[in-house]
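Remarks on the structure that follows.
Every chain is numbered from 1, with letters handed out A, B, ... down the list of sequences. Note: hydrogens, waters and symmetry copies are ignored here, and every other heavy atom, side chains too, is used.
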Number of protein chains: 2
Amino acid sequence: MSRQRWHSVKDIRIADVARLAGVSTATVSRVLSDPDKVRQKTCDLVMEAVRRSGYTPDRTAQNLRTRRTMNVLVVAPRLTNPVFAQVLRGVDDELTRCGYGIIVGNLDNQREREPRYVALALSRQIDGVLLLTGHVPQDGDRNMKEAGLPIVAMCAAIDDPSIPNVVVQDREAARQAVEYLVRLGHRRFGYISGTPTSIIEVERYAGFVEGVAAGGFSQRDIVRWEGAFVFATGVAAAEAFLRLKKRPTGVFAACDESAIGFVKTVQAAGIRIPQDVSVIGFDGIEVSDYIEPPLTTFRQPMYDMGRAGAQILLNMMQGEAATGIPNVRMPLRLLERGTTSVAPSRARGLKVVA
Amino acid sequence: MSRQRWHSVKDIRIADVARLAGVSTATVSRVLSDPDKVRQKTCDLVMEAVRRSGYTPDRTAQNLRTRRTMNVLVVAPRLTNPVFAQVLRGVDDELTRCGYGIIVGNLDNQREREPRYVALALSRQIDGVLLLTGHVPQDGDRNMKEAGLPIVAMCAAIDDPSIPNVVVQDREAARQAVEYLVRLGHRRFGYISGTPTSIIEVERYAGFVEGVAAGGFSQRDIVRWEGAFVFATGVAAAEAFLRLKKRPTGVFAACDESAIGFVKTVQAAGIRIPQDVSVIGFDGIEVSDYIEPPLTTFRQPMYDMGRAGAQILLNMMQGEAATGIPNVRMPLRLLERGTTSVAPSRARGLKVVA
DNA sequence: CGACTTTTTGTAATCGATTACATCTTGAGG
DNA sequence: CCTCAAGATGTAATCGATTACAAAAAGTCG
């Protein structure tokens, strides 16, 4: 045995079942897909043959004939982001119920990986796409939309009116974050960015700036550290923070991971949280509750977003009448936990107005 | 437009390209798959036609003809386990390089979800399977092996000599964990289990018991809390722990998530870690370093395990000569961090022998 | 019982590629 | 210039299901 052959030992086709049951392949097919069209007696006969032979239809052949694959592609910016896992759970629960499979696409924060998924769409290996990426994957001049497949954007809105979005109120939340800090007496604000080209980043920063302005402060009261939606960005921001003479006392991070990176790093340098610096994150991933002190953050309904996005996609794939492009905005909740408190200069004599 | 139709606007088949280039479909196919068999001039002609028409081969049709789908199923016990995300990264990097796609199967700790993935295998929608589940998925009397596909087990060994395993030295590590605790002077040991039926759980507990015995202690010095590989198990174990009169001072958890659950819960009850209780986890997930104090734990090379498993599967799928069943055991590293210290009764006067 | 409708079943085309085999080109060598 | 082998291309079968259409069977009713 030099070359191991990997195929099913018993390789039973629909024709075999038909012969076994003494009917035509058409009848077998009908029994399996639409039994009402077949007489009960024949149905039993065929089912018996199916059972005895252990026949399972070849989905590859079905796919070709029916022009569907019952597979959906989910493209994520990075697999190890806990937000992704939660959203994927919701997506999986919804799609699995309807018989769809999930193919994961991992960009790992590298745009060079996009072409592969464009090709997947173009080659008709999938019936629909869920994007968590904030933009439509491209391959040179071609992009995924050209495949003509239904696409739904989740988590990160896409600036394309033809694509339904399931997103949170990024801008409003960021604005609220600052307002919360202002109420606590902070006067100098730090912002830890996500990937600058990402739309959610743009939105969150816009909201942040709005909040600062609404509080009566100006651009000069802001320090902004650029990065990506990763832990390391928080670490880098913290290092920059520590080098400052005039440090912000209220910091908002565009995601929990970088918020945690920031907290851990400044703590290691002897900064006390929240006494010296208040930090607000964004996402509400599980870990944010495990650090010390637990992170004040906005909780996204990740699982529900996954389900909502999947439902919209299912509707589109089933060719439902498109009654406008759905644009779902999910609610956010500020989890007031341990990383925020009144600004240090006013720690005495001031009350927190929650 | 009552029913939106979702298919490619321009629907170009190989015959169209052939006509455009003035050749037969066979030639087009050859140019695309094995250009050396075609004259350079013809090749250029065809490629030009492909470019102009924007043709992409229909993978569904290719699949049927070639009897391969270039898709691999990865079955995970639970999506939100960070170990899974890391392993999946490794798997993805390896498989993507070879043109394979990944279909994720999420059992969400429920065996009822297995039949769906058995069906996937039986219906020839995939070319191979990576199991992180510790057992072969079943559907009544049928199981996934019947599909005759190459299967590789990762993270959790499978008790089936025909299936290659990529695992860590669970038993040895668990044993070392206890030995470490013994060296620190602990005399009473707690064990937080994973899913009892899981083989890695069995292995880790066996190693734990071995270590206890090797230290000169007996079964009576052990407290065992049963559960699953989840955070909540650690919480439950902690609650049981707090009710004990005679508490263990050295606790080993079969996974980091439950270790963290335990640490957080006992801390909330006023127990000091590591002064009152030492805790050792298993996995080395990112979060384990973010809690306070950082968790002492064994780090699994998750990404590398993913790659190794994928490579073995690739070999099997490419029909390489099977030179025995590979059984890779990856190294583990004990990360001595903050949750372990000398046993409380001996805190004075004893030195840590590391 | 026969005419006609309805239901059930079978035949064969089809989905879109790959590939065995046949046929036609090309070029080398005499 | 002719012969023959090697190389290039075309024809048509094939993968395994679904399904339009035709044909046959079963039922209905006067």
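Within 3.5 Å, no donor on the side chain of Arg65(B) pairs with an acceptor on the base of dG16(D), nor the reverse.
Contact annotation: Arg68(A) side-chain N/O to dC15(C) OP1/OP2 distance is not under 4.0 Å. Close to dT9(C), at under 4.0 Å from its OP1 or OP2, lies no side-chain N or O of Thr27(A).
Of the candidates dG10(D), dA17(C), dT18(D), dG10(D) carries the atom nearest the Ala26(B) side chain, counting heavy atoms from C-beta on. Here the side chain of Asp58(A) is nearest to one of dA17(C), dG16(D), dA8(D), namely dG16(D). Nearest nucleotide to the Ser24(A) side chain, out of dT18(C), dT9(D), dT11(C): dT11(C). Considering only the side chain of Arg30(B), dA20(C) comes nearest among dA17(D), dG10(C), dA20(C). With dT9(D), dA17(C), dG16(C) as the candidates, the nucleotide lying closest to the side chain of Gln62(B) is dA17(C).
A salt bridge links Arg13(B) with Asp16(B): the closest approach of a Lys/Arg side-chain nitrogen to an acidic carboxylate oxygen falls below 4.0 angstrom. A salt bridge does not link Arg51(B) to Asp44(B): none of the charged nitrogens lies less than 4.0 Å from a carboxylate oxygen. Salt-bridge formation is not detected for the pair Asp304(A)/Arg307(A): no Lys NZ or Arg NE/NH1/NH2 atom is positioned less than 4.0 Å from an Asp or Glu carboxylate oxygen.
Protein atom CZ of Arg124(B) is 7 Å distant from nucleotide atom P of dA17(D), rounded to whole Å. With rounding to whole Å, Asp11(A) atom CG is found 11 Å from dC15(D) atom P.
Sequence order on DNA chain C of the closest nucleotides to Arg39(B) and Thr60(B) puts Thr60(B) first from the 5' end.
Counting heavy atoms from C-beta outward, Met47(A) and Val31(A) have side chains that approach closer than 4.5 Å.
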